[in-house]
Amino acid sequence: MKKVLRISLLILLFILVIAHFFLPEKNRGEITQNHLFEHTALSEGVQTILKNACLDCHSEQTNYLWYHQFAPVSWMIHKHITDGKEELNLSEWGQMDMLGKLTVLDKMKEEVEKGTMPLKPYILMHPKAKLSDEQKEQFYAWIDKQSEELLLKMMSE
């Protein structure tokens with residue numbers, strides 16, 4: 001029985017070593033002119049909220065931690081990032097039309113209010129992503145202000 005266990009562990013170790021050679025590409029783009037930060041007035045507090053709770057999965061700028069370098073964790077993280085950017089990519093904010101931006105802002109607020117964003121596993125690995133009530137109120141106020149400005153802009157055009 002011990003021999004079978006030893007062989008199984010060696011096979012698993014071999015598979016993990018081989019898998020390490022097939023890591024996904026990193027999500028490390030530059031902040032471009034289309035990024036939310038380049039198009040919107042943000043307080044330092046809201047920028048911090050976005051950096052800590054949103055941008056790793058919803059932009060082209062992921063901050064990788066040491067354990068993201070190892071398979072299969074790297075694949076799981078890559079999947080989360082890919083899925084997150086399909087839902088919302090704040091690096092493409094400048095390419096969205098006003099109605100799209102309003103929809104995104106509404107969805108962002110809804111997801112935070114429901115507690116579905118940031119994801120619970122993400123908060124466990126990134127404690128700074130857990131938003132306090134004060135941060136949530138600051139975030140909501142920013143969203144409301146942005147939505148109001150977009151609506152006024154739409155009405156004037």
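Not measured: the values here are computed from a predicted model.
- In this structure, CG in L36 is found 7.5 Å from CG in L55, a value given to the nearest 0.5 Å.
- Atom CD of E87 has 12 or fewer neighbouring heavy atoms from other residues, nucleotides or ligands inside a 6.0 Å radius.
- For the atom pair NZ of K85 and CG of L90, the computed distance is 11.5 Å after rounding to the nearest 0.5 Å.
- How far CD1 of I49 is from CD of E44: 11.5 Å, rounded to the nearest 0.5 Å.
- Closest approach of Q69 to Y64, counting heavy atoms only: NE2-CB, 4.1 Å.
- Tracing side-chain contacts under 4.5 Å through hydrophobic residues (I, L, V, M, F, W, Y), one never reaches I123 starting from M76; they form parts of separate clusters.
- The distance from atom CD of Q95 to atom OG1 of T32, rounded to the nearest 0.5 Å, is 7.5 Å.
- Taking both residues in full, the closest heavy atoms of N52 and K128 are given as CB-O, 3.6 Å, listed atom of the first, atom of the second, then distance.
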Donor-acceptor list for residues 136-144 side chains, cut-off 3.5 Å, not counting sequence neighbours:
| residue | atom | partner | partner atom | Å |
| --- | --- | --- | --- | --- |
| Y140 | OH | E113 | N | 3.4 |
| D144 | OD1 | K109 | NZ | 2.8 |
| D144 | OD2 | K109 | NZ | 3.3 |

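- Of all non-hydrogen atoms in L102 and M154, the two that sit nearest each other are CD1-SD, 3.5 Å.
- Side-chain N or O atoms of E38 include none that pairs as donor or acceptor with a backbone N or O of H35 at under 3.5 Å.
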Test side chain to side chain contact (heavy atoms under 4.5 Å, CB included) on L50 and M108 and set out the steps. CA-CA 11 Å; L50 290 167; M108 287 169 69; 4.1 Å; yes

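- Classification of the H126-Y122 ring pair by plane angle, with boundaries at 30° and 60°, yields parallel.
- S59 and Q61 are linked by a side-chain donor-acceptor pair at a separation below 3.5 angstrom, with hydrogens and angles left out of the test.
- Other residues, nucleotides and ligands contribute at most 12 non-hydrogen atoms within 6.0 Å of the NZ atom of K3.
- The stretch residues 92-108 participates, sequence neighbours left out, in these salt bridge (charged side-chain N to carboxylate O under 4.0 Å, His left out) pairs: K107-E111.
- Both I81 and W66 are part of a single hydrophobic cluster, where members link through side-chain heavy atoms under 4.5 Å apart.
- To the nearest 0.5 Å, atom CD1 of residue I77 and atom OG1 of residue T62 are 9.5 Å apart.
- Two residues are said to be in side-chain contact when any heavy atoms from C-beta on lie closer than 4.5 Å; L88 and M96 meet this criterion.
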* To do: Starting from the C-alpha separation in whole Å, work towards a yes-or-no answer on side chain to side chain contact (heavy atoms under 4.5 Å, CB included) for M117 and L119.
  => CA-CA 5 Å; M117 281 289 150; L119 296 173; 3.7 Å; yes

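- In this structure, the separation between OG1 on T82 and CH2 on W75 is 14.5 Å, given to the nearest 0.5 Å.
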